[in-house]
Amino acid sequence: MPQTHQFTILLSQRVLLFGLLALSFVARGATIREISSPDGKTKLSVNIDKTVSYAISYDGAPLLAPSQIDLFLSNEGKLSDRLNKPKVTTRSVNEVIVSPVPEKRKHIPDVYNEISFRFSAPFRLTFRVYNDGAAYRIETFFKDSIIVKNELAAFNFPDNPHLYFPEVVRRVNQDQFHTSFEEPYQIKTLDSVLAKNLCFTPVLLAAGNSPKIIITESDLESYPGMFLTGTGKSTLLGAFAPYPKAEKVLAGEYSQVYVSEREDFIAKTKGTRAFPWRVILIAPEDRMLPENDLVYRLASPSRVPDPSWITPRKSTEEWIITENLFNVPFKSGINTETYKYYIDFAKQFGFEQVLMDAGWSDNNDLFKITPSINMEEIVAYAKSKQIKLGMWTLAMTLDKQMEPALDQFNKWGVDFIMTDFIDRDDQKAVDFYHKTAQACANHKIMLMFHGAFKPAGFNRTHPHALTREAVLGSEYNIWSDKATPDHNLLLPFIRMTSGPMDYEPGLLSNGTKSSFRPIAENVMSFGTRTQQLAMFVVYESPIQLFSGNPSQGMMEPDFMSLLGSIPTTWDTTMVLDAKLGDYIVTARKKGNDWFIGAMNDLTPRALTISLDFLKQHKYDATICEDGVNADRYAADYKLISQEMTSTDKLQIKMAPGGGFLIRLKAK
């Protein structure tokens, strides 16, 4: 069957399903139940009749209108076929998750009320309601494997909110389910988003004074990721990449496997299993979104029995500036001398790792080392300086050479790898993530994914998978003007709700709205130097990759020492003030010390922040703020050292596209 025809069939099925949303049933045998959040503000009602639907209200006002749920199997019917009187069970949970890699906080309260519906047919449907969101998942209990034809995940809204969404841009000669998950956010009224608009999650919905809503997923395993499409009305529908029937290799500098033909189903899987959580985050205040870790809480617990070998860290990376060093006595490039210089830089400024990015080997053969690289010399030099090495890999190549490559990394003392150019989230691609994470865990190697979909709780299940891309970040400054301050100020409220992200901040060349240009090798950020610094606090990633030019950093030792002192994991996180897309002020604690980072859109802004949350009274403060001329020369900054107390007010002034950072060391 031609691929386009298959997709047309799936789309037709979904349009038919959407038509069912308008139907209402008032049968005598309906099962109707309601469950509230622990604080009583969020109420979720479930109606089981000839269909299954649920609705959500907050403080008595409708937030999500009745929205249908269904799962369609090839030979076993669908969830809604046999909706006889289910067995209903409820429970309340009040626990604390201790995170081995604390991205936001070490101790994570996990408090919710739950209701489950077990049908005589082999299905169970479970809803959980938290103070900061709600979620549901389907479970099946078939003895044999099953084929999932499709899933109905509808999100129906009582009004016409604005939707903040990244849309897939279809590639030449590939279907629309191929994407690097790196697009700018569009903002439209929901009724203007159509079935042809394929959005990857998370997405945000905002309507008047109602709480903001994020739609995403968690605990994604052996199943395709959830996209969303519009309907031309106030409804979003889940969309899922069909299972690969045939694959081809797109050969090139960064070769990758793509799907050339798809099946007419989305998954073939075990008959007894839990499917991913469909997640709705609820935030009455904008600042609550960057604090929200519900996706993490919903994910499966860690599969790493002893996580003591997992060591989050800061790292350099050279790919964005293409090793364009200066003031050095050697020819810079992908060579031994350049990496030894990076090792010296890392040692001087408190970085724990140097990443050897694409080019250290033949991309298609990890054992064919680039002739200008002497790995034994680099490994020995790094070891002498107590600096770890990380290695970039191409996903297709790593998949072919997995065990011998990981063995070689172990011999070199490499305990971190990046793998890149996956660009899919169909079931087969999702399986690759879990297979790779397990293989790396067996070798005690940490990892990150690039060309990747959002974490969706993967970071809880595999805590050594420290971060992943799935974000339009610093590298886009090489060739576009998409990484704007406005874009940067949406990321903490949307993308970051689904897990850590590798933005790769730290560019030391910086431009204003009028001076920014995308320039390869001498890459600049759109926004101030201080905004780049603040990203190390505002953006969560247990491994932060510094993308700036170390030759430039060598000339600014005080700035680099401050940057190098910023941790990558945190005991506590508080968002002190924030407005979606405009500004954010984030405070994070590690040990007895606090770091506060602020970021700003293109509107100059002054904020006053109380420090009364500080537990100790006196602190030695190091402040980096936008310089007086940062509105014209974006690299202008000012460093200040002073004593501060918990009774002081913090004055934050930010230039257009600006930032602010303060380190508070307890006295």
Side-chain angles (χ1 to χ4, degrees), residues 171-175 177-182 244 246-261 317-323 333-336 338-339 354-379 389-426 428-440 442-443 445-453 465 468-470 475 478-479 502 504 520 545:
R171 300 174 174 180
V172 177
N173 298 325
Q174 292 183 10
D175 70 28
F177 293 107
H178 291 85
T179 175
S180 61
F181 304 89
E182 302 163 0
E247 295 174 313
K248 291 183 178 179
V249 173
L250 181 64
E253 182 180 8
Y254 301 108
S255 301
Q256 61 185 148
V257 179
Y258 72 96
V259 181
S260 57
E261 187 179 0
E317 80 86 28
E318 80 288 347
W319 187 85
I320 288 177
I321 65 158
T322 56
E323 318 87 32
I334 301 176
N335 57 44
T336 302
T338 294
Y339 283 114
V354 167
L355 175 69
M356 298 179 67
D357 213 315
W360 66 270
S361 73
D362 185 317
N363 291 347
N364 298 307
D365 186 349
L366 294 170
F367 293 90
K368 191 180 290 185
I369 309 299
T370 298
S372 56
I373 293 287
N374 184 326
M375 277 305 301
E376 285 69 26
E377 184 176 348
I378 293 171
V379 166
L389 294 177
M391 313 299 284
W392 179 93
T393 68
L394 190 68
M396 187 183 81
T397 306
L398 181 65
D399 197 29
K400 291 187 298 185
Q401 299 180 321
M402 185 81 74
E403 282 304 315
L406 296 179
D407 283 338
Q408 182 60 66
F409 293 145
N410 284 150
K411 291 173 184 175
W412 284 337
V414 169
D415 66 350
F416 173 86
I417 65 169
M418 176 200 297
T419 197
D420 203 347
F421 287 93
I422 307 161
D423 293 359
R424 293 162 42 189
D425 72 347
D426 52 59
K428 193 169 181 180
V430 171
D431 287 344
F432 169 78
Y433 282 67
H434 286 272
K435 178 181 74 172
T436 302
Q438 185 58 60
C440 285
N442 294 342
H443 288 262
I445 291 176
M446 297 170 288
L447 77 158
M448 76 159 73
F449 295 96
H450 270 211
F453 58 88
R468 65 177 65 178
E469 199 172 27
E475 66 181 6
I478 302 171
W479 59 78
D502 181 42
E504 300 185 12
L545 298 188

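We use all heavy atoms of the structure for the numbers below, so side chains are in, but hydrogens, waters and symmetry mates are not.
Contact annotation: the side chain of L250 never approaches that of F421 to less than 4.5 Å [non-hydrogen atoms, C-beta and beyond]. Side-chain contact between R468 and F453: present, with at least one pair of heavy atoms (C-beta onward) separated by less than 4.5 Å. In this structure, the side chains of V259 and F177 stay at 4.5 Å or more apart for every pair of heavy atoms.
Shortest non-hydrogen contact noted between A405 and L398 is CB-CD1, 4.5 Å. Taking both residues in full, the closest heavy atoms of D357 and E318 are given as N-OE2, 2.9 Å, listed atom of the first, atom of the second, then distance. What you find for V414 and G390 is that their closest heavy atoms are CG1-CA, 4.4 Å. Nearest heavy-atom pair, A452 versus A470, reported as atom, atom and distance to 0.1 Å: O-CB, 3.2 Å. The shortest heavy-atom contact between N363 and G359 is OD1-N, 4.0 Å. Residues N364 and T397 approach most closely at CA-OG1, 3.3 Å, considering heavy atoms.
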Before you tell me yes or no, could you show the steps for N173 and Y258 under side chain to side chain contact (heavy atoms under 4.5 Å, CB included), namely the whole-Å CA-CA distance, both residues' side-chain angles and the distance that decides it to 0.1 Å? CA-CA 10 Å; N173 298 325; Y258 72 96; 5.9 Å; no
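For the atom pair CD1 of I422 and CG of L394, the computed distance is 9.5 Å after rounding to the nearest 0.5 Å. Going from atom CG of L406 over to atom CD1 of I445 covers 4.5 Å, rounded to the nearest 0.5 Å. Residue Q408 holds its CD atom at 8.0 Å from CE of M375, rounded to the nearest 0.5 Å. The distance from the CG atom of L389 to the CH2 atom of W360 is 10.5 Å, given to the nearest 0.5 Å. Atom CG of L366 and atom CD1 of I417 lie 8.5 Å apart (nearest 0.5 Å). Annotation: the span from F416 atom CZ to M448 atom CE amounts to 3.5 Å, rounded to 0.5 Å.
For I334, the side chain to side chain contact (heavy atoms under 4.5 Å, CB included) partners are E323, Y339, I373, not counting sequence neighbours. Take E403 and apply the side chain to side chain donor-acceptor pair (under 3.5 Å) test, not counting sequence neighbours, and it matches H443. In this structure K435 satisfies the salt bridge (charged side-chain N to carboxylate O under 4.0 Å, His left out) test together with D399, sequence neighbours excluded. Considering only residues two or more places apart in sequence or on other chains, A251 meets the side chain to side chain contact (heavy atoms under 4.5 Å, CB included) condition with S255. Applying the ring pair (Phe, Tyr, Trp, His ring centres under 6.0 Å) test to F449 and every residue at least two apart in sequence or in another chain returns Y433, F458.
Contacts classified as side chain to side chain donor-acceptor pair (under 3.5 Å) and involving residues 411-425 (residues at least two apart or in different chains) are given here: R171-D423, E247-R424, Q256-D423, R313-D415, W392-D420, T393-T419, R424-D426.
In this structure, the side chain of E317 engages the main chain of I320 through a donor-acceptor pair within 3.5 Å. The backbone N or O of D502 lies less than 3.5 Å from no partner atom in the side chain of E469, so there is not a single donor-acceptor pair.
By the 6.0 Å contact criterion, NZ on K248 is open, its count of non-hydrogen atoms from other residues, nucleotides or ligands being 12 or less.
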